[in-house]
*Asks:* 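This structure is in structure tokens; I'll ask about it shortly.
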Amino acid sequence: MLGLIDSNNFYVSCERVFDPKLEKRPVVVLSNNDGCIVARSEEAKAMGIPMGAPYFKVKSLLERQQVEVLSSNYHLYGSMARRVVDTIQEVVPELEIYSVDEQFLDFSSFSGQDLSELSRTLRTRVLRHTGIPTSIGLAKTKTLAKLANRLAKKNRVHKGVYLLEDTRLIRKYLSLSPVSDLWGIGSRYAARLAKHNIITALDLYDAPSMWVKKEMTIVGLRLWHELHGTPCLSLEQVQKPKKNICTSRSFGKLQTSYSALSEAAAHHASCCAQKLREQRSVAAFVNVFVQTNRHNEHHPQYRNSFTYPLPETTNDTRHIVHYTEQALQRIFRPNFYYQKCGVIVSGLTPEDNRQLALFENDEIVQEFSSSVAKPMANTPCSLMKIMDEVNYRFGHNTLKLASCGTKADWHMRQAHRSPRYTTHWDELPVVYCH
DNA sequence: TCTGGGGTCCTAGGACCC
DNA sequence: TCTGGGGTCCTAGGACCC
């Protein structure tokens with residue numbers, strides 16, 4: 001048996017831990033740039049506020065219904081997610097971190113124990129230690145555990161834990177679920193399956209496996225086997241290094257100047273380089289993309305990207321930023337209203353067996369180190385290491401390249417962000433004693 | 001005026017190799 | 001009439017996830 005533990009309305013729950021007045025009230029959390037609704041409390045869901053709705057379209061409805069609106073606070077959510085995982089691991093050490101609010105649990109070392117009971121204890125513990133409510137689904141495969149988790153969440157009588165094992169019950173629940181509820185069935189497949197009269201999850205379960213493979217490739221076949229109780233998706237306990245890393249943001253307001261785009265791109269490139277160093281990888285390519293607002297019918301549209309092959313693989317911020325600039329120069333066109341830009345690094349390999357170039361080119365490094373006090377920066381490695389350490393100790397962006405700019409009027413909108421209670425000294429919660 | 005930001009996997013087809 | 005038999009790598013496009 002394995003389990004899927006999932007934090008309920010995770011972002012809203014994080015906010016509620018530190019602001020009790022949000023309890024029992026409709027609350028929504030917005031995406032970056034205060035763009036769309038990405039999390040809703042149960043009360044907000046009950047009012048029919050749809051997931052993913054653009055904020056400006058539902059703003060007046062939210063105001064009328066007195067819904068609490070929050071900008072997303074990813075420092076807080078990331079830190080709370082780590083606490084949740086740490087607490088779970090005290091009880092179940094073997095797990096896979098599937099997303100910020102979901103973990104698959106490996107119960108193989110708990111044979112003979114009552115897993116439902118154990119899971120209920122686990123939920124209570126997570127709630128007590130972190131303040132985050134969770135639901136746990138138990139089943140033989142990941143796909144069934146996902147379903148069981150839905151049941152645990154949907155029906156209060158299960159008290160947040162549901163074990164789905166009995167074939168008759170599996171069939172019954174599948175017959176009550178639309179096929180699009182299954183993990184791995186998105187809107188495209190749902191529409192295609194509907195044409196073949198496959199409407200419920202049970203219809204897919206009862207379809208011949210070879211037909212499923214023909215229509216939905218090996219991915220669909222795996223899903224089919226998982227529904228029938230044969231595991232095809234293993235638990236990935238070690239997090240694999242990412243194959244691509246992307247940093248991008250929409251601008252708080254549309255931008256037209258090269259200098260604004262260049263600053264933003266340098267900033268995103270710096271973030272990519274830092275993420276590369278965190279996972280101890282180097283990149284072989286850097287891709288820069290820019291785009292205008294595709295929803296805007298009044299301004300002319302433009303989107304473009306350019307991939308720059310790096311002369312040697314690197315995770316040095318200065319190199320990545322330098323080639324980002326080169327790529328941006330190729331795609332920037334004046335007289336457009338830009339809405340977004342981003343940087344993607346790819347061709348990632350581990351930094352400790354980095355492939356050297358035939359002619360290692362240290363021009364940028366030398367140019368830079370000659371203007372900096374010698375003992376600090378004679379190798380790119382040590383300078384980046386120091387920069388990361390300083391930024392870790394004194395806060396993100398304490399040290400950055402000048403090309404990232406200082407004005408940052410391209411920064412995203414974030415009108416309703418709560419304090420970063422757990423990660424910033426000057427934003428700690430305050431307790432008053434009477 | 002205002003519409004997010006990350007990721008992964010699979011397949012087919014085209015190019016190449018011996 | 002008859003035209004080999006293995007492979008790899010890369011990319012674009014399509015699907016999905018949170």
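A, B, ... follow the sequence lines: proteins, then strands. Residue 1 opens every chain.
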*Asks:* Measure up the Y337(A) and H299(A) rings against each other and bin them: parallel (under 30°), tilted (30 to 60°), perpendicular (over 60°).
*Replies:* parallel

*Asks:* How many whole angstroms separate atom CG of D6(A) from atom C1' of dC18(C)?
*Replies:*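 Rounded to the whole Å, the gap is 10 Å.
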
*Asks:* For a quick test of reading the model: is some side-chain N or O of K243(A) closer than 4.0 Å to OP1 or OP2 of dC9(B)?
*Replies:*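 For dC9(B), OP1 or OP2 has a side-chain N or O of K243(A) closer than 4.0 Å.
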
*Asks:* Reckon S72(A) touches a base, only the sugar-phosphate, or nothing at all at heavy-atom distances under 4.0 Å?
*Replies:*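 Contact class for S72(A): none.
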
*Asks:* May I ask you to verify if any side-chain N or O of N244(A) is less than 4.0 angstrom from the OP1 or OP2 atom of dT8(B)?
*Replies:*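 Yes, because at least one side-chain N or O of N244(A) sits under 4.0 Å from OP1 or OP2 of dT8(B).
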
*Asks:* In Watson-Crick or G-U wobble terms, both distances under 3.5 Å, what is the partner of dG13(C)?
*Replies:* dC10(B)

*Asks:* Atom NZ of K146(A) and atom P of dC18(C): how far apart are they, to the nearest Å?
*Replies:* 4 Å

*Asks:* In terms of the nearest nucleotide of DNA chain B, which residue is placed more toward the 5' end: C246(A) or N33(A)?
*Replies:* N33(A)

*Asks:* Looking at T247(A), does any N or O in its side chain come under 4.0 Å of the phosphate oxygens OP1/OP2 on dG5(B)?
*Replies:* no

*Asks:* Base, sugar-phosphate, or nothing for D101(A), non-hydrogen atoms under 4.0 angstrom?
*Replies:*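 Sugar-phosphate, no base atom in range.
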
*Asks:* Which word best sums up how the rings of Y98(A) and W183(A) line up, parallel for under 30°, tilted for 30 to 60°, or perpendicular for over 60°?
*Replies:*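 Y98(A) vs W183(A) ring planes: perpendicular.
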
*Asks:* Does any donor atom in the side chain of D203(A) or Y205(A) lie under 3.5 Å from an acceptor atom in the other side chain?
*Replies:* no

*Asks:* Using a 4.0 Å heavy-atom cut-off, does Y189(A) contact any base of the nucleic acid, only the sugar-phosphate backbone, or nothing at all?
*Replies:* sugar-phosphate

*Asks:* Output the single nucleotide from dT3(B), dA15(C), dG7(B) whose closest atom is nearest the side chain of R192(A).
*Replies:*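 Nearest to the side-chain atoms of R192(A), counting from C-beta on, is dA15(C).
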
*Asks:* Among dC17(C), dA15(C), dG6(B), find the nucleotide with the atom closest to the side chain of Y98(A).
*Replies:*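 For the Y98(A) side chain, the nearest candidate turns out to be dC17(C).
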
*Asks:* Do the side-chain N or O atoms of R249(A) get closer than 4.0 angstrom to the phosphate oxygens (OP1, OP2) of dG6(B)?
*Replies:*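 Answer yes for this pair, as a side-chain N or O of R249(A) is under 4.0 Å from OP1 or OP2.
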
*Asks:* Would you classify L254(A) as touching base, sugar-phosphate or nothing, given that sugar-phosphate means primed atoms plus P, OP1 and OP2, and contacts are heavy atoms under 4.0 Å?
*Replies:*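 Sugar-phosphate, backbone atoms only, no base.
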
*Asks:* Using a cut-off of less than 4.0 Å, is there contact between a side-chain N or O of R413(A) and OP1 or OP2 of dT1(B)?
*Replies:* no

*Asks:* At 4.0 Å (heavy atoms only), tell me whether K242(A) reaches a base, stays on the sugar-phosphate, or touches nothing.
*Replies:* sugar-phosphate

*Asks:* Does T217(A) make a side-chain N or O approach to OP1 or OP2 of dC9(B) shorter than 4.0 Å?
*Replies:* no

*Asks:* Contact class for I37(A) (heavy atom, under 4.0 Å): base, sugar-phosphate, or nothing?
*Replies:*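 It contacts nothing in the nucleic acid.
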
*Asks:* Using a strict threshold of under 4.0 Å (side-chain N to carboxylate O), is an ion pair present between R16(A) and E43(A)?
*Replies:* yes

